[in-house]
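Encoded as structure tokens, the structure appears first; notes follow it.
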There are 2 protein chains.
Amino acid sequence: MPQLKTSADLRVHNQTRLLRAVHDADEPLTRASAARALGFGRNTAAALVGELEAAGLLHEAPAGASGRGRPTTLLLAHPHGPVAFGADIREDSWTLAQIELGGRLTELETGEHDRTPRVFDDILRATRRHATDRLASLGIAIAGPIHDRRRLHISHLGWDEVDLDEQIGGDWPPTVVDNDARLAGLAEARRGALRGTGTALHFHIDFDIGGTLLLGGDAQRGAHNIAGEFGHMPLTDSGHRCMCGAQGCWSLDVGTNALVRRSGREPGYGAGRELAREILARAEAGETEAGRAVDDNAIALGRGLGALANALDPEAITLSGLGLELIRLRRGLIEHACAEGLMKFRRARPPRILAGTVGEIGPLRGAAEIAFDVALNAEWLRARL
Amino acid sequence: MPQLKTSADLRVHNQTRLLRAVHDADEPLTRASAARALGFGRNTAAALVGELEAAGLLHEAPAGASGRGRPTTLLLAHPHGPVAFGADIREDSWTLAQIELGGRLTELETGEHDRTPRVFDDILRATRRHATDRLASLGIAIAGPIHDRRRLHISHLGWDEVDLDEQIGGDWPPTVVDNDARLAGLAEARRGALRGTGTALHFHIDFDIGGTLLLGGDAQRGAHNIAGEFGHMPLTDSGHRCMCGAQGCWSLDVGTNALVRRSGREPGYGAGRELAREILARAEAGETEAGRAVDDNAIALGRGLGALANALDPEAITLSGLGLELIRLRRGLIEHACAEGLMKFRRARPPRILAGTVGEIGPLRGAAEIAFDVALNAEWLRARL
DNA sequence: GCGAATTTGTTCTCGGTGAGAACTTAACGG
DNA sequence: CCGTTAAGTTCTCACCGAGAACAAATTCGC
């Protein structure tokens, strides 16, 4: 519940609602339609928009007339309005992109990194190269849990307890950092296949399974910002000991490592993704051995999804990464295994299992979105008006 | 976010905040302290309270002076203000209680039932016996999932798809029905050991494990109101097939049924609880066989808690039912098994595992609370003022 | 026992907010 | 070309909470 007390708060609150509606809309809103959607009179809408335009947060442009009546205006990003940058740190490369009001994402730069925390310097330098005074905030997606938004663990880079405060200092723009799978889920909820769902799950399947619970379009973070390690629940009783320290982890049976191990090869982060792609290709070409490995992967995936659905009752589940291939090749197996893991009384209406539609840039988009959220916030707006 | 647009909404919103603060407070609030806590001026507080008192929702009584300065008034439930009833349907009995603003719970009546849906008639009749025109709403706690808030499943009563709309008709007061474990968790979050936690889990352990994820003091319901069946995730790979239709369910290894089965007896809902009590007593008296059974139960409990903590990152976990005994007798085992299930990097700060403090009336209190929530809502208030 | 200090209640003014009504403007359509 | 339709504009109005000044009720120190 927003801290909202005075009538001045009310104005800011309504302007925030308006900006949020403009940002989240699929197509640009018109002033008249926004007023209708939010329940304002035309007079009030004019006042709200007027102030926002004067503050350089919104730009009005004549809308092409559509039907009878006086034409209205489109609500667009102001050419000098705030923007946010999003960055995605992957295994050996990073990407920086810019987002503006309305959600348009523009890729700015891509680079490689040396798998050490020096990548933060690369990103800072790239940010400096592209930053103008419009930059409000920077969001970074990272492939690992971020304990208390500060301590960073990335097993496949060998980062154990990297302290973010030592990497991101006072000379950075306002910066938020979050887990890539969570951000990919957020992107699906805001712009993808989960738009409008109340309770949903998203899983990004790579070496490992990361995910997030999405409630009302919001990715949950837990008490220490490390929620979402669904891959480290023993949902498929593999019995193997996991590098994470626990035993029988789900992601030992699902993901590229599992696919590689099941095919008799030694899993390793480096070549694992390549090998997995090869196994998928062979399976698609009809080789039985590879097909079996993919089957097992899909079954283990479905089994875990069913178990999680029992506990969390999602309306839909989206997948990204290897999950997209598994859906494409083995949708039936996944759904069947999921149904077997579901309690009987749930089977008539199982959760929809969907391919994510945001694509590979999910973490990047999510990072940009949470960065831009900084500027869609009542406090920020109050200071800017 | 509340639908809050006009300045009139603002008044109702602030009055709702005030009533909520009064209701949730541990001790009665004074007018002055409430004003300070919510950030109002003394003038505004006077206006808000005055209207609420005139509407019969709040009663002011002189507060015993405490220190210097002009004495203020206590904010209490109005003698003709709204109340809600809560009911708890257990295995073969039910209880009806009344709650009023501030949270005072008064037991009204208890009865037995014949394990058929006729219990709803009993509750309706009891409600009629005690209802006055102060009654705003009735909440009912039920030991089973309630699909879409309508279709009811209680395995140990043999209820498969009982349609609530056929039981609760137009002659009922406004009625909300929810799962008992979820309501017990809500009670812990509002009045018990989870007060003030942002992310928490609660589990009620009986024949089975039911639970709920609590976020910001709110029990999550999922997309179809059937979230919380954590007991039906395969967290301990028992391999057994479960009555629920899935396999390897956690609650096959934790709970009274598991305790009984582990002791070589035939689990059954009827005598199971008695047998379990007996086994616990023997374990406490030092019998090795019974002790082993309790050990296994505690270990399986801890193992599952660790897995769930990986995924959901709770700040604290509370237990009720058999869980209280397991904490009392085997806290060390539970915590050790939990730590083993946790990812290594989490072990330095594991979730606190706590005994619930609300006690056996958790579901009853939770039911009363969600019923009373109806009257702490802006829409209801707007109509009443 | 009395005045100072302290805390709260009361009253009044003021700037600000959105609603609503009346009117104006700009398109379309026959 | 004029009626219809939809949106923008302007003005009044009820209402809200902030703030300041003042009154009231208690405690504390001497």
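Proteins get letters first, then strands, A, B, ... in listed order; numbering begins at 1 in each.
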Q | Parallel, tilted or perpendicular: rings of Phe85(B) and His130(B) (30°, 60°) | A |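 The rings of His130(B) and Phe85(B) stand perpendicular, inter-plane angle above 60°.
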Q: Specify whether His78(A) and His59(A) have parallel, tilted or perpendicular ring planes, treating 30° as the upper limit for parallel and 60° as the lower limit for perpendicular.
A: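 Aromatic pair His78(A)/His59(A) classed perpendicular.
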**Q.** Leu48(A) CG - dG16(C) P separation (whole Å)
**A.**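 Those two atoms, CG and P, are 15 Å apart.
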Q.
I need the CG-P distance between Leu385(A) and dG16(C), as an integer number of Å.
A.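 Going from CG in Leu385(A) over to P in dG16(C) covers 14 Å.
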(Q) As a quick check of understanding, evaluate side-chain hydrogen bond (donor to acceptor under 3.5 Å, both in side chains) for Asp313(A) and His224(B), giving each step before the final call. (A) CA-CA 7 Å; Asp313(A) 184 23; His224(B) 314 99; 2.8 Å; yes
Q: Looking at every strand, decide which applies to Asn14(A) at a 4.0 Å heavy-atom threshold: base, sugar-phosphate, or nothing.
A: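 Touches sugar-phosphate only.
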Q: For Arg11(B), report the nucleic acid contact type (base, sugar-phosphate, nothing); a contact means any heavy atom under 4.0 Å.
A: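 The answer is sugar-phosphate, as Arg11(B) gets under 4.0 Å only of primed atoms, P, OP1 or OP2.
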(Q) Which nucleotide wins on minimum distance to the side chain of Phe40(B), given the candidates dA18(D), dG8(D), dG9(C)? (A)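 Selected nucleotide (nearest to the side chain): dA18(D).
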Q | Closest-nucleotide ordering on DNA chain D, the 5'-leading residue of Arg42(A) and Leu10(B) | A |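 That would be Arg42(A).
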Q: Find which nucleotide of DNA chain D each of Asn43(A) and Arg70(B) is nearest to by heavy atoms, and output the residue with the more 5' nucleotide.
A: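 By nearest-heavy-atom nucleotide position, the 5'-most residue is Asn43(A).
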Using only side-chain N and O atoms of [X], determine if any of them is under 4.0 Å from OP1 or OP2 of [N].
| X | N | value |
| --- | --- | --- |
| Ser7(B) | dA19(C) | no |
| Thr6(A) | dC16(D) | no |
| Lys5(A) | dA18(D) | yes |
| Arg31(B) | dG9(C) | yes |
| Arg68(A) | dA26(C) | no |

Q. Would a 4.5 Å heavy-atom cut-off, applied to side chains only, mark Leu76(B) and Glu60(B) as touching?
A.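 No. Closest side-chain heavy atoms not under 4.5 Å.
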Q: Would you kindly compare Gly69(A) and Gly41(A) by the position of their nearest DNA chain C nucleotide and give the one closer to the 5′ end?
A: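 The residue whose closest nucleotide sits nearer the 5' end is Gly41(A).
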